[in-house]
S.K.: 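One structure coming up, written as C-alpha cells, with questions to follow.
We count ligands from 1, going down the list as the structure has it; atoms in each ligand are counted the same way.
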Amino acid sequence: MSKLIITGKRELSGEIITSSSKNSSLPIIAASILGNGTTRIINVPNISDVKIMIELLRGIGAKVDYYKNTLSINPESINCTELVQEISSKIRASFQFLGPFLAKYGKAKIYYPGGCNIGTRPIELHLKGLSSLGAYIIKENGFVEVMANKLIGTKIYLDFPSVGATENILMASVLAEGETTIDNAAEEPEITDLANFLNKMGARIYGAGTDSIKITGVNKLTACSYEPIPDRIEAGTYMVAAAITRSKIKIKNVHEDCLKPVSAKLKEMGVNIESGDDAIIVDGKNELKCTDIKTMPFPGFPTDMQAQIMALLSTVKGTSIITETVFENRFNHINEFNKMGTNISVSGKSAIIQGVDKIRGCKVCASDLRAGAALVLMGLCAEGDTEIADMDHIERGYDSLHLKLENIGAQIFKV
Ligand code: UD1
C-alpha cells in the first residue's frame with residue numbers, strides 16, 4: 001500500500017491542469033462496446049478505476065490499447081458477457097456494463113459492484129428501468145443476470161435521479177425498438193457527456209442534462225473518437241486547495257458551468273474566482289466566512305465535494321453545517337479530520353463544524369476516494385507532517401494528484 005507524506009503550510013502558486021472526468025470516462029468506456037469498429041477515447045485519466053475497466057474489457061475478449069492517455073477499444077472480438085468476478089467487484093462502474101451488454105448481446109451476468117464505502121448502494125432503479133424495457137432479471141446471491149430477445153422503448157420514471165441508473169437505461173435504450181423516455185433522470189454533466197458520446201456514435205438522444213431524456217432507438221452504432229469533459233470534482237478539489245492554503249492558483253481545462261454549484265459556495269465564503277478561457281483563477285487570500293451546505297443531485301452541491309469543502313470550513317472561524325442528503329454514510333472522514341485537530345460533530349445527516357485556528361499533521365487513513373482527497377487538503381494547511389495511508393483510494397480517481405500539487409508548490413511525496 002502506498003502512502004502520501006505532506007509537509008503543510010506551503011503557499012501554492014502557478015497553474016494546475018485538470019484531467020478528463022473519471023465519472024464520464026467510466027460509462028463511456030462501457031458504452032464503447034456498443035459501436036462497430038474501434039472507438040478512440042482521448043485524454044482518458046490514468047487512474048486505477050480506468051485500469052480496472054480495461055482489465056474487464058480484456059477479460060471479455062475486447063481488443064484494448066491504452067497509450068499516452070488515448071484508449072482504443074474494439075469490441076468485435078468480445079466472446080463473453082460475464083465480467084470476471086474478482087475484478088468487477090472492485091469498482092461500482094463495472095455495473096455500467098449491464099445496459100450495453102443487454103442492448104448489444106441480449107444478456108449479461110454481473111457481480112454486485114464495489115466502489116467507495118459510503119453507504120448501501122442499491123441497484124433496484126437500474127433493474128427497474130431495464131425490466132421496463134423488456135429484460136428478464138434473475139437476482140442471485142452476489143450477482144445479477146439479465147436477458148432479453150428484444151428491448152422495446154417505454155416510459156420510465158426514476159424514484160430518485162440516480163446517475164448510474166440513468167446511464168444504464170440510456171445505454172440499453174439506444175438500441176431498443178421505438179421511443180424511450182426517462183423522467184426524473186439525473187442531470188449531471190456526465191450524463192450529457194455520455195449522451196453526446198452515444199449521439200456521436202449514431203444514437204438519437206434528446207434532452208440529456210434535463211430531468212426528461214428521450215431516446216429514439218436506432219439499429220446500430222458506429223465507433224467514433226471522443227474526448228470526455230474535464231473532471232469537475234478534480235477541479236473543485238484544486239479550488240479548495242487554493243482556498244485552504246490561502247493561495248492564488250490558475251486551474252486549466254475546466255468547464256465553468258459544471259463548477260457553478262461549487263464556485264457559488266466558495267464565492268459566498270469570500271474566495272475570489274475569475275474566469276478566463278477554459279481556465280479559472282482562484283484566490284483564497286481574503287478572510288473567509290463560514291457557511292451552510294446541503295449536498296444534492298446536480299445542479300445542487302455535489303456530494304463528491306462534501307469532504308473537501310468540510311476540510312476548508314474547518315479552517316474558517318464560526319460554525320458551519322453540512323447536510324449530506326445523497327448518501328447515507330458519507331461522514332467517515334470526520335474521525336480522521338478530528339485527529340488533525342478539527343472540531344466536528346455529527347447529528348443525523350448533518351455535520352456541525354466549529355472552525356479551528358490550527359490543523360495539526362499526523363498519521364491518518366483514507367477511507368474512500370474523496371475522503372482521501374480531503375485529507376490531502378488538510379495536510380496542505382496543517383502544521384507539520386501528515387501521513388496518509390491507503391493512498392490507493394486516491395489513485396482510483398485522481399491522475400497524478402501528488403505530482404500536480406508538487407508542481408504548484410506543495411511539499412508532498414508518495415512512498
Ligand atoms: C455516481 C458517481 C459518484 C457520485 C454519485 C452521486 C460514478 C462512477 N459515480 O455514483 O461519484 O457520488 O453518482 O452524484 O459516476 N440509489 C438507489 N437505488 C438505485 C441507485 C441509486 O436508491 O438503484 C441511491 C443511492 O443509494 C444513493 C443515491 O441514489 O443514495 C445516488 O446514487 P447514484 O446517483 O446512483 O450514484 P452512482 O451512480 O452510484
S.K.: Please state which part of Asp304 comes within less than 4.0 Å of ligand 1, counting heavy atoms only: side chain, backbone, both or neither.
M.R.: side chain
S.K.: Go through ligand 1 atom by atom and flag the ones less than 4.0 Å from a non-hydrogen atom of Arg330.
M.R.: 12 (O)
S.K.: If you count the atoms of ligand 1 from 1 in the order shown, which ones are under 4.0 Å from a heavy atom of Ile123?
M.R.: 23 (O)
S.K.: Between Lys248 (side chain only) and Ala242 (backbone N and O only), is there a donor and an acceptor less than 3.5 Å apart?
M.R.: no
S.K.: At under 4.0 Å between heavy atoms, which part of Thr303 makes contact with ligand 1: side chain, backbone, both or neither?
M.R.: side chain
S.K.: Do Lys404 and Ser19 have side-chain N/O donor and acceptor atoms under 3.5 Å apart?
M.R.: yes
S.K.: Enumerate the atoms of ligand 1 whose separation from the nearest heavy atom of Phe160 is less than 4.0 angstrom.
M.R.: 28 (C), 29 (O), 31 (C)
S.K.: Should Phe101 and Ile110 count as side-chain neighbours, where that means a heavy-atom distance under 4.5 Å?
M.R.: yes
S.K.: I'd like the name of whichever of Pro122, Gly164, Pro297, Ser21 reaches closest to atom 26 (O) of ligand 1 through any heavy atom.
M.R.: Pro122
S.K.: Which ligand 1 atoms, with their elements, are less than 4.0 angstrom from a heavy-atom of His126?
M.R.: 23 (O)
S.K.: Give the atoms of ligand 1, by number and element, whose distance to some non-hydrogen atom of Arg92 is under 4.0 Å.
M.R.: 39 (O)
S.K.: With a sphere of 6.0 Å drawn around CZ of Phe160, does it hold more than 12 non-hydrogen atoms of other residues, nucleotides or ligands?
M.R.: yes
S.K.: Salt-bridged, Glu395 to Lys414, with N to O below 4.0 Å?
M.R.: yes
S.K.: With a cutoff of 4.0 Å, is Glu124 in contact with ligand 1, counting heavy atoms of the residue only?
M.R.: yes
S.K.: Could you list which atoms of ligand 1 come closer than 4.0 Å to a heavy atom of Val326?
M.R.: 27 (C), 28 (C), 30 (O), 31 (C)
S.K.: Sorted by first residue and then second, give each salt bridge (charged side-chain N to carboxylate O under 4.0 Å, His left out) pair with at least one member in residues 150-160; sequence neighbours left out.
M.R.: Lys128-Asp159, Lys150-Glu177
S.K.: Output yes when the distance from some N or O of ligand 1 to some N or O of Leu125 is under 3.5 Å, and no in every other case.
M.R.: yes
S.K.: Taking Gly37's backbone N and O only, do any of them form a donor-acceptor pair with Glu76's side chain (distance below 3.5 Å, no angle check)?
M.R.: yes
S.K.: Find all atoms of ligand 1 within a distance of less than 4.0 Å from any non-hydrogen atom belonging to Val163, and give their numbers and elements.
M.R.: 1 (C), 13 (O), 33 (P), 34 (O), 35 (O), 38 (O)
S.K.: Is atom CG of Asn79 surrounded by more than 12 heavy atoms (other residues, nucleotides or ligands) closer than 6.0 Å?
M.R.: yes
